[in-house]
Amino acid sequence: MDSQAALSDLFGPAAVGKPGPVSRGAATFPPPARPLPRLIAGTPVGARTARKPSPHKTIIPERFVMPGSELYENFMALHTREGGLVMPNAWDGLSALMLADAGFEAIATSSAALATTLGRSDGRHEVTCGEHLEHARLLGRLTGLAVNGDFEDGYGDTPEDVAATVEAAVESGLAGIGIEDTSGNPDQPIRDFDEAVNRIRSAVEAAKGRIVVTGRTDNFIQGRPDLDDTIRRLTAFAEAGADVLYAPYPPDLDALVAIVTAVAPKPVNVLISPADDVLTVAELQKAGVKRISVGPALYTHAMEALEQAIKALVAGDLATATTGTSFERISELLARGTN
């Protein structure tokens, strides 16, 4: 297999230049220790001449360029300040622009929302790394915000594959990347402990302080309600160098506090809330959470509105079915984009 074919197998057509399928809140926060620039992207071409360039490097106009280490420091500053941050997940250019217009300082991709927009399943390796990178670059280019990539298991079978994904994310200008302990195999959805830790370690070594690495275990959402194993995994990820720790939907607030305590002082991300109750941003902050994301929830909220409009259209109610954001508003948002 030639090198271009190998890259295409791992990262998809978009990574090798071939066309492929396309994939303040109520709380207020003090400003970050260092202001987060509005234009954020990859590392200058040739800035790290001692290392062989990544084959996935994106050439970015000079006005968008920021050194990776500065991007890392600015994004981490949002996590370590008092109160942390709310980091909502966008699913397309317009949703990203709406979030930026609302004043959010960082946004994230959602692998579930991205896969759904492409008519595919999440967590089954149906979206390629190249497609996800292209999607993340779009969100960052339009908004100028720090973008955290929800990159499933790191897109590859081996720790070396994970490292290549992290390098590609750095070169694409992402501020953060999440790596899960999932496998994509519904019969054994969670990877063995040692394998999961090795993959996080590989991600951290590849990051080299240029991108914030989130170590994530999906025990709770994969039918493994084992808090002890979850904490064991997260503390091992932290010891391997992960910057942020994340276990979606712990069963209750006590479990969430136990996780925060176990990995302290490293910041913890929570997906909306514990499984048993939706808390407020202030309540999550009080529990010690430093980053709040919403996964595909904003996307599914929008889809619910669409479904209601479709029902109205079926019923013959054109007025209800066609009520929505005006194109004047959409044009205003698009005009503010940095594209």
Side-chain angles (χ1 to χ4, degrees), residues 14 21-27 29 36 38-41 64 75 78 85-123 126-152 169 172-178 214 246 248 269-273 278 281 291-310 321-339:
V22 184
S23 119
R24 196 154 218 161
F29 301 104
L36 202 70
R38 290 288 299 171
L39 298 178
I40 294 176
F64 290 113
F75 191 37
L78 299 180
L85 75 155
V86 175
M87 184 185 69
N89 305 69
W91 64 91
D92 63 7
L94 185 60
S95 63
L97 286 167
M98 286 181 170
L99 293 169
D101 186 62
F104 290 100
E105 298 167 279
I107 57 177
T109 67
S110 162
S111 66
L114 173 60
T116 304
T117 63
L118 297 174
R120 306 178 203 171
S121 297
D122 181 38
E126 293 184 12
V127 175
T128 69
C129 181
E131 290 171 321
H132 203 152
L133 287 169
E134 182 180 0
H135 172 67
R137 285 194 295 265
L138 171 68
L139 305 187
R141 186 173 70 247
L142 285 174
T143 65
L145 296 179
V147 176
N148 187 78
D150 177 25
F151 270 49
E152 302 190 42
S172 293
L174 272 69
I177 186 169
T214 297
Y246 180 20
N269 184 95
V270 67
L271 175 61
I272 304 174
S273 276
V278 178
V281 168
R291 191 174 81 192
I292 301 166
S293 59
V294 297
L298 293 179
Y299 172 72
T300 58
H301 184 86
M303 292 302 101
E304 171 63 20
L306 174 60
E307 190 161 44
Q308 293 306 313
I310 291 170
T322 57
T323 299
T325 301
S326 70
F327 257 94
E328 288 78 9
R329 170 62 173 157
I330 292 173
S331 296
E332 175 191 344
L333 288 167
L334 291 174
R336 295 180 187 180
T338 60
N339 190 7

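Since the structure is predicted, the reported quantities are computational estimates derived from the model, not experimental observations.
His132 and Thr109 share a donor-acceptor pair across their side chains, judged by distance under 3.5 Å alone. Looking only at atom types and distance, the side chain of Asp122 has a donor-acceptor partner in the side chain of Ser111 under 3.5 Å away. Side chain to side chain, Glu328 and Ser331 fail the donor-acceptor criterion of an N or O pair below 3.5 Å.
Inter-residue side-chain proximity for Tyr246 and Ser293 is flagged as met; some heavy-atom pair is nearer than 4.5 Å. Residues Thr325 and Leu94 form no side-chain contact, since every pair of their non-hydrogen atoms from C-beta on lies 4.5 Å or further apart. With a 4.5 Å cut-off on side-chain heavy atoms, Leu78 and Glu105 count as touching. Between Ile177 and Thr214, the closest side-chain pair of non-hydrogen atoms is not below 4.5 Å. Side-chain contact check for Leu139 versus Ile107: some heavy-atom pair is nearer than 4.5 Å. For the pair Phe75 and Asn148, the minimum side-chain heavy-atom distance is below 4.5 Å. Side-chain contact check for Leu97 versus Leu334: some heavy-atom pair is nearer than 4.5 Å. Cys129 places a side-chain heavy atom less than 4.5 Å from the side chain of Phe151.
Applying the side chain to side chain donor-acceptor pair (under 3.5 Å) rule to Glu307 yields no partners; only residues at least two apart in sequence or on another chain are considered. Residues satisfying the side chain to side chain donor-acceptor pair (under 3.5 Å) criterion with Thr116, sequence neighbours excluded, are absent altogether. Taking the side chain to side chain donor-acceptor pair (under 3.5 Å) definition, one finds that Asn89 meets it with nothing, sequence neighbours left out.
For the side chain to side chain contact (heavy atoms under 4.5 Å, CB included) criterion with Ile292, the lone passing option out of Leu271, Ile272, Val270 is Val270.
One N or O on the side chain of Arg120 and one on the backbone of Glu126 form a donor-acceptor pair closer than 3.5 Å. In terms of modelled atom types and a separation under 3.5 Å, the side chain of Glu304 and the main chain of His301 share no donor-acceptor contact.
Remark: Glu134 does not engage Arg137 in a salt bridge, criterion side-chain N to carboxylate O under 4.0 Å.
Heavy-atom minimum distance, Leu138 versus Gly93: CD2-N, 4.3 Å. What you find for Ala169 and Leu133 is that their closest heavy atoms are CA-CD2, 3.8 Å. Of all non-hydrogen atoms in Ala175 and Ala146, the two that sit nearest each other are CB-CB, 3.7 Å. Gly295 and Ser110 get closest at one heavy-atom pair: C-OG, 3.7 Å. The two residues Ala90 and Ser95 come nearest to each other via the heavy atoms CB-OG, 3.5 Å.
The line from CG of Leu306 to OG1 of Thr300 is 12.5 Å long, rounded to the nearest 0.5 Å. Remark: Leu145 CG to Met87 CE distance equals 12.0 Å, nearest 0.5 Å.
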Derivation of the side-chain contact (heavy atoms from CB on, under 4.5 Å) call for Leu298 and Trp91: CA-CA 9 Å; Leu298 293 179; Trp91 64 91; 3.7 Å; yes
Criterion side-chain contact (heavy atoms from CB on, under 4.5 Å) on Tyr299 and Asp92, from CA distance to verdict: CA-CA 10 Å; Tyr299 172 72; Asp92 63 7; over 6 Å; no
